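Working notes, structure below.
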Amino acid sequence: MPEPVDAVEMRTALAGLRRTSGLPVAFGGLLSDARHARIGELDGARTGALRGLVISAGSGLGGKAIALARPCAVTDYPVSRHISHEYDTAVAAEGLRSVVAVPVVVRRTVRGVLYGALRTPVSLGDRTFDAAVAAARDVEQALAVRDEVRELLALTREQAAAGPGTAPGAAPGAWEDVREAHRELRALAPRVADPALRDALLAVCGRLASASGTWATPAAAVEVRLAPREVDVVACVAAGATNAAAARQLGLRPETVKGYLRSAMRKLGAHTRLEAVVAARRAGLLP
């Protein structure tokens with residue numbers, strides 16, 4: 001079943017859909033397996049009739065959107081000839097008539113479905129479709145970030161525990177891969193909405209940094225305190241990024257990156273970018 005963080009992402013998207021489209025009702029859920037989605041979040045509903053409804057691929061409007069992997073809409077749900085009517089009782093209890101359903105697709109795989117609806121039978125215009133598609137894209141991006149975080153976490157946890165160069169069968173340069181994963185994880189952290197997942201991500205970053213036993217100096221680690229964004233910038237610099245490239249990776253302005261780097265260099269007692277990277281590694285802030 002979907003994790004609680006998915007509910008947070010879905011609620012945010014549904015609230016945005018109602019705000020941008022003017023639709024009075026929005027609801028949706030993620031797939032629990034390849035063919036079934038459970039409606040877990042409602043926004044603007046008057047009843048709980050839709051909550052917990054399991055939508056099968058191909059059934060009803062949402063099931064059609066899941067099966068076709070594209071948006072679908074009806075002007076008057078109860079009498080539409082273009083969909084099956086397994087869910088008419090719940091739809092009627094909520095009084096829905098005009099409905100649009102948009103699949104949430106990540107890496108060509110349908111992961112969920114979002115609905116927007118009116119209680120009157122009118123044709124839905126382009127503005128409504130655009131708002132519904134945009135809401136689905138927000139969920140898609142959030143899920144894609146989470147997928148990437150999970151992949152990186154799985155890749156780096158074992159390497160962090162092993163330490164630099166100690167993983168069985170590690171190829172030459174394997175620790176550089178760990179450093180790159182550390183940079184990517186730190187760049188992704190601010191985009192993760194769920195606090196628990198973000199904390200877990202940053203905890204792994206800390207393990208990666210502290211695993212660099214050949215560099216870290218415990219005394220230095222106590223003395224040096226960089227802000228999270230300062231660490232992010234120095235991690236990008238360690239990977240060879242320019243200020244402009246670091247800005248793109250972190251979603252910041254180049255001037256902001258320059259300011260963070262200047263502040264980090266001052267705290268680290270460094271006069272050059274290379275000195276800052278070396279000092280950060282000795283302080284246990286970077287792997």
Side-chain angles (χ1 to χ4, degrees), residues 5 8-9 12 138 141-153 155-157 159-160 163-164 173-287:
V5 62
V8 174
E9 292 158 351
T12 301
D138 288 343
Q141 291 174 13
L143 293 178
V145 168
R146 289 186 55 222
D147 289 350
E148 189 171 354
V149 166
R150 285 169 170 167
E151 290 169 4
L152 285 168
L153 288 176
L155 177 67
T156 58
R157 276 185 174 127
Q159 291 171 310
W175 195 242
E176 292 306 317
D177 293 337
V178 173
R179 288 171 172 164
E180 178 62 16
H182 174 270
R183 182 195 62 75
E184 292 182 17
L185 286 169
R186 289 206 62 95
L188 285 170
R191 298 167 56 192
V192 177
D194 176 52
L197 180 60
R198 187 168 58 248
D199 289 347
L201 188 159
L202 292 174
V204 171
C205 287
R207 289 179 61 197
L208 287 172
S210 63
S212 54
T214 58
W215 285 94
T217 303
V222 173
E223 295 170 1
V224 179
R225 291 289 184 270
L226 297 188
R229 274 310 200 187
E230 292 170 348
V231 177
D232 295 343
V233 168
V234 176
C236 288
V237 170
T242 63
N243 288 353
R248 288 193 298 272
Q249 293 167 11
L250 299 174
L252 300 172
R253 293 173 59 85
E255 296 81 3
T256 304
V257 167
K258 186 175 181 180
Y260 280 132
L261 180 58
R262 185 164 48 242
S263 175
M265 291 173 65
R266 184 176 63 254
K267 293 177 182 179
L268 291 165
H271 300 288
T272 67
R273 296 161 72 91
L274 178 59
E275 285 181 5
V277 171
V278 172
R281 285 177 176 159
R282 285 176 174 165
L285 298 171
L286 296 180

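Because the structure is a prediction, the values reported are computed rather than measured. Every heavy atom of this structure was used, including side-chain atoms; hydrogens, water molecules and symmetry mates were not.
Considering all non-hydrogen atoms of both residues, V234 and A264 come closest at CG2-CB, 3.7 Å. Taking each heavy atom of A276 and L268 in turn, the nearest pair found is O-CD1, 3.5 Å. The two residues L261 and R273 make their nearest non-hydrogen contact at CD2-NH1, 3.2 Å. Across V257 and A246, no two heavy atoms sit closer than the pair CG1-CB, 4.0 Å. Nearest heavy atom pair, residue R186 against residue P228, reads NH2-O, 3.1 Å.
Taking the side chain as every heavy atom from C-beta outward, V277 and R281 approach each other to under 4.5 Å. Looking at L285 and V224, their side chains come closer than 4.5 Å, going by heavy atoms from C-beta outward. Between R225 and K267, the closest side-chain pair of non-hydrogen atoms is not below 4.5 Å.
The backbone N or O of L250 sits less than 3.5 Å from a side-chain atom of R229, completing a donor-acceptor pair. Side-chain atoms of E275 come within 3.5 Å of backbone atoms of H271 as a donor-acceptor pair (strictly under, hydrogens ignored).
Within the structure, side-chain hydrogen bond (donor to acceptor under 3.5 Å, both in side chains) contacts touching residues 246-255 (residues at least two apart or in different chains) are R183-Q249.
Here OG1 of T12 is found 9.0 Å from CG of D138. Values are rounded to the nearest 0.5 Å. Residue L226 holds its CG atom at 10.5 Å from CZ of R266, rounded to the nearest 0.5 Å.
For K258, the NZ atom counts as loosely surrounded, since its 6.0 Å shell holds 12 or fewer non-hydrogen atoms of other residues, nucleotides or ligands.
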*Kindly determine whether Y260 and L252 satisfy side chain to side chain contact (heavy atoms under 4.5 Å, CB included), including the steps that lead there.*
CA-CA 10 Å; Y260 280 132; L252 300 172; 4.0 Å; yes
